[in-house]
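Some notes on the structure that comes next.
Worth knowing before you read on, the calculation uses all heavy atoms, side chains too, and leaves out hydrogens, waters and symmetry mates.
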Amino acid sequence: MILSHEIPQGCKLYFGKSARLKREIEALASTILYKNGYEEIITPTFAYLEHQRDIKSREVVRTNNQYNHQIALRNDSTIDTIRLLAPHLRENALSKRWFYIQPIFVYPTTEIHQIGVENLENCDIVPFISISLEILNSIKKPNHKPFLQLANVKIPQICAKIFEIPLVAFEKIDVGVITHANPIMQELLHINNAESLKNFIQHHNTLPQDLNLALQQLLDLAETISFENCIISPLYYAPMHYYTGLFFRFFAENATLILGGEYTILEQNACGFGIYTDDLIQHLLRSNSE
């Protein structure tokens, strides 16, 4: 028996305080993004299945249209945005700064509310960290500040090749496999701030050039950002396969609040970030109730 007030697992229900907080977050983010020269886009809820298969980590919710073509609910707004804008961008007919406020859907019944920001003219992630902080600081302050994590997806990719470590070990954070590959990997795992990363680079001056360059890129970013709760994670691997370089994550209580970085989709280099509205709302409600 299914009770009348029950909803499928993974679906979201907001009412009263939480619904109001959701609207406030979306309104504040919109105001800040418009101020920074972004325009809004709303992509279709449904897409042809072939356009949704690139997200390896997410199962799609699928159906068929009247012509028996396979259709899927949108499961990644970044790919959809780039795919739909790409023909117009080549003609320089549209802005290259966009944001969206819309959910994605993951099989079987999970919906994830997001605010996404995509910039197709600037691949420097520092401004995106600044905008993220501006949005977070504009929202009702929680009792506990989130952490900012900085990483570079190139580092685990290069280490996987050099030390013959399966890339899945980084994806699953398999510490045992990583540390047993080489003593250098154990040292990299213990790095957590700019100073320890700088000391590592200075001490290991015979590293392969591409690895040294990737580490130096991460150090340069770390020395640029001024944030109290900042963690440097050289071996953290991006959860999105289209990330190509530096990326960042604001998190609290093991939940990701904001995730962003450099990426390439359909040969288009870009940079952006996503606000995970559901997790942010829960963080604010829990924190402010303490």
Side-chain angles (χ1 to χ4, degrees), residues 50-60 75-79 82-83 104 106-107 110 112 116 118 123 125 128 147-193 196-197 200-201 203-204 206-222 231-251 254-256 258-274 276:
E50 61 192 83
H51 298 316
Q52 299 290 301
R53 282 178 167 160
D54 291 333
I55 310 301
K56 298 178 182 178
S57 60
R58 295 177 182 162
E59 291 292 335
V60 299
N75 76 335
D76 188 283
S77 290
T78 297
I79 289 181
I82 302 302
R83 176 176 59 83
I104 60 170
V106 182
Y107 180 85
T110 298
I112 303 170
E118 318 296 348
C123 292
I125 76 169
F128 298 95
F147 289 90
L148 169 61
Q149 186 174 29
L150 304 177
N152 187 346
V153 70
K154 293 177 182 177
I155 297 172
Q157 289 176 341
I158 295 169
C159 288
K161 292 180 180 179
I162 294 175
F163 302 112
E164 298 182 347
I165 305 171
L167 200 53
V168 68
F170 295 99
E171 295 174 352
K172 296 183 177 180
I173 317 179
D174 192 331
V175 176
V177 172
I178 295 171
T179 54
H180 282 88
N182 191 283
I184 287 179
M185 300 305 298
Q186 190 166 1
E187 290 185 51
L188 282 172
L189 274 172
H190 284 86
I191 291 173
N192 60 11
N193 55 42
S196 58
L197 177 56
F200 176 88
I201 294 173
H203 181 70
H204 296 281
T206 59
L207 291 172
Q209 185 176 0
D210 54 350
L211 179 56
N212 185 70
L213 178 59
L215 289 166
Q216 188 62 51
Q217 288 174 336
L218 180 56
L219 177 60
D220 292 343
L221 174 62
I231 301 171
I232 311 303
S233 303
L235 298 183
Y236 183 67
Y237 195 67
M240 299 302 179
H241 76 279
Y242 46 72
Y243 279 14
T244 56
L246 296 168
F247 67 100
F248 67 94
R249 182 173 77 113
F250 284 96
F251 70 94
N254 294 321
T256 297
I258 299 178
L259 176 70
E262 305 169 350
Y263 65 84
T264 300
I265 296 175
L266 298 176
E267 301 182 353
Q268 173 68 56
N269 295 325
C271 196
F273 66 89
Y276 292 86

Name the atoms and distances for all side-chain donor-acceptor pairs under 3.5 Å in residues 207-217, with sequence neighbours left out.
unit_1 : atom_1 : unit_2 : atom_2 : d
Q216   : NE2    : D220   : OD1    : 3.0
Q217   : OE1    : N152   : ND2    : 3.3

Side chain to side chain, [X] and [Y], heavy atoms closer than 4.5 Å:
{"X": "E262", "Y": "I125", "value": "yes"}
{"X": "H190", "Y": "S196", "value": "no"}
{"X": "Y236", "Y": "I155", "value": "no"}
{"X": "L218", "Y": "L150", "value": "yes"}
{"X": "F273", "Y": "T78", "value": "no"}
{"X": "N193", "Y": "L197", "value": "no"}
{"X": "F200", "Y": "L219", "value": "no"}

[atom1]/[X] to [atom2]/[Y] distance, rounded to the nearest 0.5 angstrom?
{"X": "K154", "Y": "L246", "atom1": "NZ", "atom2": "CG", "result": "7.5 Å"}
{"X": "Q149", "Y": "S233", "atom1": "CD", "atom2": "OG", "result": "3.5 Å"}
{"X": "I79", "Y": "I265", "atom1": "CD1", "atom2": "CD1", "result": "5.0 Å"}
{"X": "Y237", "Y": "L167", "atom1": "OH", "atom2": "CG", "result": "4.0 Å"}
{"X": "L189", "Y": "L235", "atom1": "CG", "atom2": "CG", "result": "5.0 Å"}
{"X": "L188", "Y": "F163", "atom1": "CG", "atom2": "CZ", "result": "7.5 Å"}

(message) Between H204 and E187, is there a side-chain donor-acceptor contact under 3.5 Å, judged purely by atom types and distance?
(response) yes
(request) Write down the atom of P234, the atom of P156, and the distance for their closest heavy-atom approach. (result) O-CD, 3.5 Å
(request) Compare every heavy atom of R249 with every heavy atom of T256, then report the nearest pair and how far apart it is. (result) OG1-NH1, 3.0 Å
(message) Holding to side-chain contact (heavy atoms from CB on, under 4.5 Å), I want the full list of residues that pass it with A169, two or more places apart in sequence or in another chain.
(response) I165, D174, V177, I178
(request) Kindly write out the residues that satisfy side-chain contact (heavy atoms from CB on, under 4.5 Å) with V168, not counting sequence neighbours, or none if the list is empty. (result) P166, E171, K172
Who passes side chain to side chain donor-acceptor pair (under 3.5 Å) against [X], sequence neighbours left out?
{"X": "H180", "result": "none"}
{"X": "T179", "result": "none"}
{"X": "T110", "result": "none"}
{"X": "S77", "result": "Q102"}

(request) Could you walk me through whether I231 and F251 pass the side chain to side chain contact (heavy atoms under 4.5 Å, CB included) test, one step at a time? (result) CA-CA 11 Å; I231 301 171; F251 70 94; 4.0 Å; yes
(message) Counting only heavy atoms not in Y107 (residues, nucleotides, ligands), do more than 12 fall under 6.0 Å from its OH?
(response) no
Which residues satisfy the ring-ring contact (aromatic ring centres under 6.0 Å, His included) test with [X], sequence neighbours excluded?
{"X": "F248", "value": "none"}
{"X": "F170", "value": "none"}
{"X": "Y243", "value": "F247"}
{"X": "Y276", "value": "none"}

(request) Hey, could you give me each pair passing side-chain hydrogen bond (donor to acceptor under 3.5 Å, both in side chains) that has a residue in residues 263-273? Not counting sequence neighbours. (result) E118-Y263, T264-N269
